[in-house]
2 protein chains.
Amino acid sequence: MNTKAALLNHAETLARTKGFDAFSYADLSREIGIRKASIHYHFPSKADLAAELIARYSQRFFDQLDDLQTESASAAEQLLGYLSIYRNAQADCGQLCLCVAFGAGRDSFGPDVLVRLDRFHRQSIDWLTALFTRAKNDGTISGENTPDIDAKACLALVEGAQLIARASKDPSLFDAAVQSLTNRIPAKETPCD
Amino acid sequence: MNTKAALLNHAETLARTKGFDAFSYADLSREIGIRKASIHYHFPSKADLAAELIARYSQRFFDQLDDLQTESASAAEQLLGYLSIYRNAQADCGQLCLCVAFGAGRDSFGPDVLVRLDRFHRQSIDWLTALFTRAKNDGTISGENTPDIDAKACLALVEGAQLIARASKDPSLFDAAVQSLTNRIPAKETPCD
DNA sequence: TTCGATCACCCTACTAGTAGGTAGGTATGA
DNA sequence: TCATACCTACCTACTAGTAGGGTGATCGAA
């Protein structure tokens, strides 16, 4: 396997489980089986690594959202798909959304990372706003809030749920918290015949 | 002022704005005007500091919740009080709830801190569950969820809202997110005559 | 009331270990 | 012959933490 890709994979896992500042090039070098100095060949500074990590993560994340959207899915189905992205990450060794992990240690990052972090949140809210707007039309998610409020609340909910579930080492806490959202999806008319 | 108290205050601010691992005894010593070694007199190890910080924070936090409860306040009023605790912290230089900050860097803490962290979340959920149970009776908060679900969702929402508002340096994001909750408080019957 | 001991509190000076990062060399394959 | 990808060996800056000494307040006893 490509060494650089392996480095990114390991670094992402470490950043999402321990935090970006909580692992060192030395840690990384031990796990990959490459000398510490060689990592600097691929990522001259740790800031470079952070920038590539968040770029790659955002790309992958919004590609997944695109996949949810292109199918002729209902708003409710899209929402469930969105939630499952966070849920899967959470269930997988308590990994946080990379942008939650980065957001917590905000101050140690340069402007390039901060810009991407901000963009991630804005893009998420935009996507969710479109989702809840659609829900107003197709009626697959109940509720009285404006799509904008719903979107921001939804983002806060999944990120917060991930955080408290991880802190308590109890993945079911995530499910319970987001149930406040899934409860708003009316049971389907039983698909008879 | 008491040096130890000053140390705790500064350490708490730093932990809540930058993260617990992101400040050193050297940073602390500069701000307090005391030598680094002298801090070890008050807190032999940084783990001791962490333990005292979270103990003090939890105490203060639940004292505030007690104050909300002893008054003959409606569930809605209690909820607004609860939200304002998080909101004020957020508005104040983007401080996180200490337990959010600690939760993010979970792995670097010893079992004593982790136990207190877990207890904080459980206690919060218990308090909120009681609140939403009360709401079922006094009708000051609408909604169909069970109090348990509402409680867990509420905790996730405020912690997540704090996080994204801070990451985007936009306090209004917090308000927008929690509006999904406050919208559930029906406008009071206009108090005529 | 003063002497001496004790204590809280802070200091200088140091340790071992780790962080990110660099200089310069080497093997390999196009 | 040149770039890629790795290496050894090193650097400086900083981390938490320790050893041991100084100072001033407090307090009990002569």
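First the proteins, then the strands, lettered A, B, ... as listed; each starts at 1. In what follows, every heavy atom counts, from backbone to side chain, and hydrogens, waters and symmetry copies are set aside.
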Here the distance between atom P of C/dT18 and atom OH of B/Y25, to the nearest Å, is 19 Å

Remember a base hit wins even if backbone is also touched, and classify B/F43 as base, sugar-phosphate or nothing at under 4.0 Å, heavy atoms. nothing

Taking for each residue the nucleotide of DNA chain C bearing the nearest heavy atom, is the 5' side occupied by A/A37 or by A/R30? A/R30

For the pair made of CZ in A/R35 and P in C/dT26, what is the distance, rounded to whole Å? 17 Å

Could you check how far CG of A/L49 sits from P of C/dA19, rounded to whole Å? 14 Å

Give A/S24 one of three labels, base, sugar-phosphate or nothing, depending on what nucleic acid heavy atoms sit under 4.0 Å from its own. sugar-phosphate

Side-chain ion pair, B/E52 and B/R56, N-O less than 4.0 Å: no

Are any of B/H42's side-chain N or O atoms less than 4.0 Å away from OP1 or OP2 of C/dC10? yes

In the single-linkage hydrophobic clustering (I, L, V, M, F, W, Y; side-chain heavy atoms under 4.5 Å), do A/I34 and A/L53 co-cluster? yes

So, B/K152 and B/D148, do they make that salt bridge, N to O below 4.0 Å? yes

I want to check one thing: is the phosphate of C/dC9, taken as OP1 and OP2, less than 4.0 Å away from some side-chain N or O of B/T3? no

Tell me whether the OP1 or OP2 atom of C/dA23 has a side-chain N or O from A/H40 closer than 4.0 Å. no

Candidate pair B/D170 and B/S172, rule side chain to side chain donor-acceptor pair (under 3.5 Å), full reasoning: CA-CA 5 Å; B/D170 178 9; B/S172 76; 2.7 Å; yes

Whole Å only: how far is the CG atom of A/D21 from the C1' atom of C/dA19? 11 Å

From NZ of A/K4 across to C1' of D/dC6 the rounded distance in Å is 15 Å

Are any of B/S38's side-chain N or O atoms less than 4.0 Å away from OP1 or OP2 of C/dC11? yes

Should B/Y41 be listed as having a side-chain N or O under 4.0 Å from OP1 or OP2 of C/dC9? yes

Aromatic plane relationship, A/F61 with A/Y57 - under 30° parallel, 30 to 60° tilted, over 60° perpendicular: parallel

Can you check the A/K46 NZ to C/dT22 C1' distance for me, whole Å? 18 Å

Rounded to whole Å, CD1 of A/I39 lies from C1' of D/dT8 at a distance of 15 Å

What is the distance, rounded to the nearest whole Å, between atom CZ of B/F109 and atom P of D/dA16? 12 Å

Any donor-acceptor pair under 3.5 Å joining the side chain of A/K36 to the base of C/dG21? yes

